[in-house]
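Notes follow the structure.
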2 protein chains.
Amino acid sequence: MRVLVVEDERRMAAALQRGLQAEGFAVDLAHDGEQGLHMARVGDYDVVVLDIMLPRLSGYNVCKQLRAEENWVPILMLSAKDGEYDMADGLDLGADDYLTKPFSYVVLVARLRALLRRDAGRRPAVLSAGDLTLDPARRRVQRGEEPVELTPREFALLEYLMRRHDEVVSKSEILEHVWDTFDTDPNVVEVYVGYLRRKIDAPFGRGALQTVRGAGYRLAGDGG
Amino acid sequence: MRVLVVEDERRMAAALQRGLQAEGFAVDLAHDGEQGLHMARVGDYDVVVLDIMLPRLSGYNVCKQLRAEENWVPILMLSAKDGEYDMADGLDLGADDYLTKPFSYVVLVARLRALLRRDAGRRPAVLSAGDLTLDPARRRVQRGEEPVELTPREFALLEYLMRRHDEVVSKSEILEHVWDTFDTDPNVVEVYVGYLRRKIDAPFGRGALQTVRGAGYRLAGDGG
DNA sequence: CCTCGACCACCAGAACTCTCATGGCGTGGA
DNA sequence: TCCACGCCATGAGAGTTCTGGTGGTCGAGG
């Protein structure tokens, strides 16, 4: 698999190159927007990792230009640290997924693989259950129009429950996937379910996160 | 690769089986010590995952018995939750590595692969630098004979530095490997280096963990 | 020698995660 | 119906991690 990484910061670029090569990707680097655009045009890549903040031509414009030329290579955008550019705009310009810094190396690789698996040009999934929405890339949750602030662990738990909404999910499944650990006190799940309810249900008079006694929990898709 | 999992708790056993199968291992289960011993004898496995607390015959004794019969199949032991058995004894009986519960699924798989890569029957590595020793499996650190208590993050940082002792390790390398993240504030490394110094150097009048200005840090192998 | 900028050490405090203990509630059996 | 038991909810609190700010130190250059 051929990957083009467009990133001006040398250290970041080198780290990405090393990491991705270790995963078996063939990695080319471009250090500014113009070079990146040129290489993306002629290089026949399977996927492009594109920083937004770039000298000469922003990642923003690289993406826009490529799409204008009907080049549908999958693009994974990396957000700026400050909020100058909104990732949502990046998506509107035709990026396929985005990551906000700082991001985990594992997550980056997982997203790249997901991009490579599916048809190019599709939008990243935004999970929903009733009027509850969760955007894994932007790390944002809303109940209706109202944003909800979650800690990392709460977010991971909700994401897992939303991916399996309307199913009954056992505590041991949750521990495996959200905590990645065997033989941990299941009470920690109960505690975090409690935290979530206080944030996504109680303030809205809902009861979407239901207990199924003896079996686990279910996140109701109809909003509870 | 064929794996035998000897574990009596049904849920744990099922989770291990599913997880390892997903990694491409062929997994057989035994639910007590006698069955496990029998299967290990005749089954020609590449590695055995062996719980200590087992009905009928402890993992302890299964291991001892196999080694007495000159069966050198690599064995990864899982510790009891309570401290009834000491893992060090397990190693003395011929286990090749051990994990203490609760453990991460990712760590388990990594250890299994490590076992499969190297010659069977060898002891797990205990890292050392001067009179500083670190046992990754038992999660224990000593300065000379004196045990040192570390938090998980401190331990991970020290482990990485010890694996590369006498080398200069840059902050970005540390962030990548210990924090698994790009573009995080490097100050967090400085803070944790400070914590480590207060635990492994200052109380012993040492200076093993050295700053290399502009380059990173070095853990001196001669004890500083 | 002094200044300046970059890099680093360290304190303080906030946020987050997890453990423990207690009490409520449902379910099944007497 | 009432009780007993197991499952779950929740408050409290401790330990850990991380952020931000401040000040020190080193090296280069005037």
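Hydrogens, waters and symmetry mates play no part in the numbers below; they use all other heavy atoms, side chains included. Keep in mind that what you see is a predicted model, and the values were worked out from it rather than measured. Note on naming: letters A, B, ... go to the chains in the order of the sequence lines (proteins, then strands), and numbering restarts at 1 for each one.
With the nearest nucleotide of DNA chain D identified for both R197(A) and Y192(B), R197(A) has the one nearer the 5' end. In terms of position on DNA chain C, the residue among V188(A) and V193(B) whose nearest nucleotide sits closer to the 5' end is V193(B). Comparing R198(A) and P102(A) against DNA chain D, the residue whose closest nucleotide sits nearer the 5' end is R198(A).
Proximity of T184(A) to the phosphate of dC18(C): no side-chain N or O atom is located under 4.0 Å from OP1 or OP2.
Taking N187(A) as the reference, E190(A) meet the side-chain hydrogen bond (donor to acceptor under 3.5 Å, both in side chains) condition, with sequence neighbours excluded. In this view, Y217(A) satisfies the ring pair (Phe, Tyr, Trp, His ring centres under 6.0 Å) rule with no residue, not counting sequence neighbours. With sequence neighbours left out, A156(A) forms a side-chain contact (heavy atoms from CB on, under 4.5 Å) with V178(A). Residues satisfying the side-chain contact (heavy atoms from CB on, under 4.5 Å) test with P55(B), not counting sequence neighbours, are D8(B), D32(B). Residues forming a salt bridge (charged side-chain N to carboxylate O under 4.0 Å, His left out) with R164(A) (at least two apart in sequence, or on another chain): E167(A), E173(A). With sequence neighbours excluded, the residues forming a side-chain contact (heavy atoms from CB on, under 4.5 Å) with A215(B) are V168(B), V212(B), listed by chain and number. E176(B) meets the side-chain contact (heavy atoms from CB on, under 4.5 Å) test with A15(A), R18(A), F182(B); sequence neighbours excluded.
A 4.0 Å heavy-atom criterion places the boundary nucleotides of DNA chain D facing chain A at dG6(D) to dG11(D), written 5' to 3'.
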TODO: Starting at the 5' end of nucleotides 20-30 of chain C, put B wherever the base has a protein heavy atom under 4.0 Å, S where only the sugar-phosphate does, and a dash everywhere else.
DONE: BB---BS----

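In this structure, D201(B) atom CG and dC10(C) atom P are separated by 11 Å, rounded to whole Å. Residue E190(A) contributes atom CD, which lies 12 Å from atom C1' of dT19(C) at whole-angstrom precision. Distance CD (Q210(B)) to C1' (dA9(C)): 16 Å, rounded to an integer number of Å.
Sorted by first and then second residue, the ring pair (Phe, Tyr, Trp, His ring centres under 6.0 Å) pairs with a member in residues 139-170 of chain B read Y160(B)-H177(B); sequence neighbours excluded. A salt bridge (charged side-chain N to carboxylate O under 4.0 Å, His left out) check over residues 212-221 of chain A, counting only residues at least two apart or in different chains, returns nothing.
We find that R11(B) and D183(A) are not joined by a salt bridge, their nearest charged nitrogen and carboxylate oxygen being 4.0 Å or further apart.
For the residue pair Y98(A) / R138(A), a side-chain donor-acceptor distance below 3.5 Å is found, with atom types taken as modelled.
Of the residues in residues 146-181 of chain B, those with a non-hydrogen atom less than 4.0 angstrom from any atom of DNA chain D are T151(B), P152(B), R153(B), W179(B).
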